[in-house]
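Only one structure is covered here, and it is reproduced in the block below.
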Amino acid sequence: MHRRGVGAGAIAKKKLAEAKYKERGTVLAEDQIVQMSKQLETFKSNLEEFASKHKQEIRKNSRFRVQFQEMCATIGVDPLASGKGFWSEMLGVGDFYYELGVQIIEVCLALKHRNGGLITLDELHQRVLKGRGKYAQDVSQDDLVRAIKKLKVMGNGFGMIPVGGSYLVQSVPAELNMDHTVVLQLAE
């Protein structure tokens, strides 16, 4: 007859085994954290090296800039998060989007009396390009969208309204309900 593990000795043995498993789990977790930290540092340095090597192309080529930002977004890095820090010092992208935001505000305010504070993204893009001159760096519609998202920190005055296959840029602090949105879609 085989005896089961019961009694004080069995309980003590079980607690000792649980303590060893817990200790081993802690050691493994710490090792994984150290490994992940090393990988993250390596990746960060490689990303910084890439950014410094392709700095001019990121600043001048809007398509390359979009691809770089998409790559950063997939790994959880936002080069536009702050006007200070590595990315703005290295690339100047933070300043680029804030300057673009100012140009967007200027265009929207100049046309507000004509369009009531609603302008298509296409028209805004044309007017911003016209205002920048032919020797300024290229600006894509994606750049405009990113700059408008940065303007949201100033309140609910600026926003994007999807209408059909394009967007309207709202530059007045007004709440649009579903009825307004339907009317805009029909007006398109």
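Pairs of residues two or more places apart, or lying in two chains, never qualify as side chain to side chain donor-acceptor pair (under 3.5 Å) while including a residue from residues 23-36.
With values rounded to the nearest 0.5 angstrom, Lys20 atom NZ is found 16.0 Å from Lys15 atom NZ. Annotation: the span from Tyr21 atom OH to Leu16 atom CG amounts to 10.5 Å, rounded to 0.5 Å. Here Leu118 contributes atom CG and Cys108 contributes atom SG; the two are 9.5 Å apart, rounded to the nearest 0.5 Å. Annotation: the span from His54 atom NE2 to Glu49 atom CD amounts to 9.0 Å, rounded to 0.5 Å. In this structure, the separation between CD1 on Ile161 and OG on Ser166 is 11.0 Å, given to the nearest 0.5 Å.
With sequence neighbours excluded, the residues satisfying salt bridge (charged side-chain N to carboxylate O under 4.0 Å, His left out) with Glu123 are Arg127. Residues forming a side-chain hydrogen bond (donor to acceptor under 3.5 Å, both in side chains) with Asn115 (at least two apart in sequence, or on another chain): none. Every side-chain hydrogen bond (donor to acceptor under 3.5 Å, both in side chains) that Ser140 has, sequence neighbours left out, goes to Asp143. Not counting sequence neighbours, Gln126 has no partner by the side-chain contact (heavy atoms from CB on, under 4.5 Å) test. With sequence neighbours excluded, no residue forms a salt bridge (charged side-chain N to carboxylate O under 4.0 Å, His left out) with Asp122.
By the 4.5 Å heavy-atom criterion applied to side chains, Leu121 and Met160 are counted as neighbours. A heavy-atom distance below 4.5 Å is found between the side chains of Phe158 and Ile104. Annotation: side chain of Lys38 is in contact with side chain of Val34 (closest heavy-atom distance under 4.5 Å). By the 4.5 Å heavy-atom criterion applied to side chains, Leu124 and Leu111 are not counted as neighbours. Residues Val139 and Leu100 are in side-chain contact: their nearest non-hydrogen atoms beyond the backbone lie under 4.5 Å apart. Residues Glu18 and Lys22 are not in side-chain contact: their nearest non-hydrogen atoms beyond the backbone lie 4.5 Å or more apart.
When all heavy atoms of Gly101 and Ala147 are compared, the closest pair comes out as N-CB, 4.1 Å.
Between the side chain of Thr120 and the backbone N or O of Leu168, no donor-acceptor pair lies under 3.5 Å.
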Go through the steps for Gln103 and Val107 under the test side chain to side chain contact (heavy atoms under 4.5 Å, CB included), then give the verdict. CA-CA 6 Å; Gln103 293 170 346; Val107 168; 5.7 Å; no
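Note on Ile119: it clusters hydrophobically with Leu109, by side-chain heavy-atom contacts below 4.5 Å among ILVMFWY residues.
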